[in-house]
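Every number for a ligand or one of its atoms is a count from 1 in the order of the listing. Count residues from 1 along the sequence.
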Amino acid sequence: MVPRKVGTAWEVVAPAKLNLYLEVLGKRTDGFHELETLLVPVRIYDQLTWSPSNSLSPSLSTECSLSIESCHPRGGFRPQVSIDPHDNLVTRAAKLLAAKAGLKPHGHFHLVKRIPQEAGLGGGSSDAAATLLLANEAWHAGLSHAELAHLAAELGSDVPYFLNQGPAICRGRGERIEPLGGLPHLHFVVVKPDFGLSTPRVFAELGERGALSSERAEKSASCLSQLIAALNRGAIARACQWMTNRLETAAARLAPEISQIKTTLAQAGCWGQLMTGSGSTLVGVARSANQARRIARQLSAQKLGTVLATSSGW
Ligand code: C5P
């Protein structure tokens, strides 16, 4: 995620993520859950542009504004209609950065939204991180990476991950990032059902009460290291046996379709299948780009929601 200057404007792409592993290690006293998760960025992008003035209403150029365009690329997700620019993470991130840097927010942000909401794909978090990076450049705010990471953690648990590029293990609430090099290119079938799932609702359904359990933490560290070792060896089918998401059972209690789609992905020949984040999107791991496309075509006819073939990318 590197902002690029185009004339007087700045632009950046904001990728979606998939969780290939997610374990809940306990409930914290601040109400959040202690997590251990493996995230990879995928080639599904929102796009954010900042320009010094809004061409539709140039008189607003000393104010900060945001427009959102819901995009429906061919074979992509359905356009989203209910996005409120005032309650958007882009607006919140821009205001937070301006306050920290002692600046007045100005200019016009335009967000092309392709990543669906309540999907577990990190769209809003990725937009927020993109805004911090873009505004830091466009407004010459000069904040350090550490300062941006601090603001990112205030905006949401997944936001700090998106300031970095590439796969990473995230711990704590999600804000402690350990970048991972050397992972192979992976191919996925992504199924986003026509409904979304609210993150707080799925965590509440999990009903976790225990404080951080060291036994669970040790077991999780061991599973995750087996998963990463298998990925590093290129043993993708083996790696899939270690892919798991603790939130999946809770999500499936709220929406039984989750289990049905998982079964469908397995029957279609995916090596592994799991839910990403707090859902509602299911991910199938394919052995090649061709197989991912073939399965996506086959499942598109089954009215499961939106089905896409994609791959890891950074
Ligand atoms: O940090 P974020 O705003 O994305 O979190 C949304 C909600 O998800 C939180 O209010 C909380 O209910 C839940 N959550 C959690 N533990 C985490 C991350 C999120 O309980 N590590």
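Residues of the protein with a heavy atom under 4.0 Å from ligand 1 are Gly31, Phe32, His33, Leu35, Gly156, Ser157, Arg173, Thr199, Pro200, Phe203, listed by chain and number.
Tested against Leu247, the residues Asn19, Val202, Thr199 include a single side-chain contact (heavy atoms from CB on, under 4.5 Å) partner, Val202.
The shortest non-hydrogen separation linking Thr131 to Ala94 is CG2-N, 3.8 Å. In plain terms, the two heavy atoms of Glu175 and Ala153 that are nearest each other are CB-CB, 4.2 Å.
Under a 4.0 Å N-O distance rule, the pair Asp194/Lys303 does not qualify as a salt bridge.
A ring-centre distance under 6.0 Å is not found for His110 and Trp50.
Val13 belongs to a hydrophobic cluster with Tyr45, counting contacts under 4.5 Å between side-chain heavy atoms of Ile, Leu, Val, Met, Phe, Trp and Tyr, direct or through other members.
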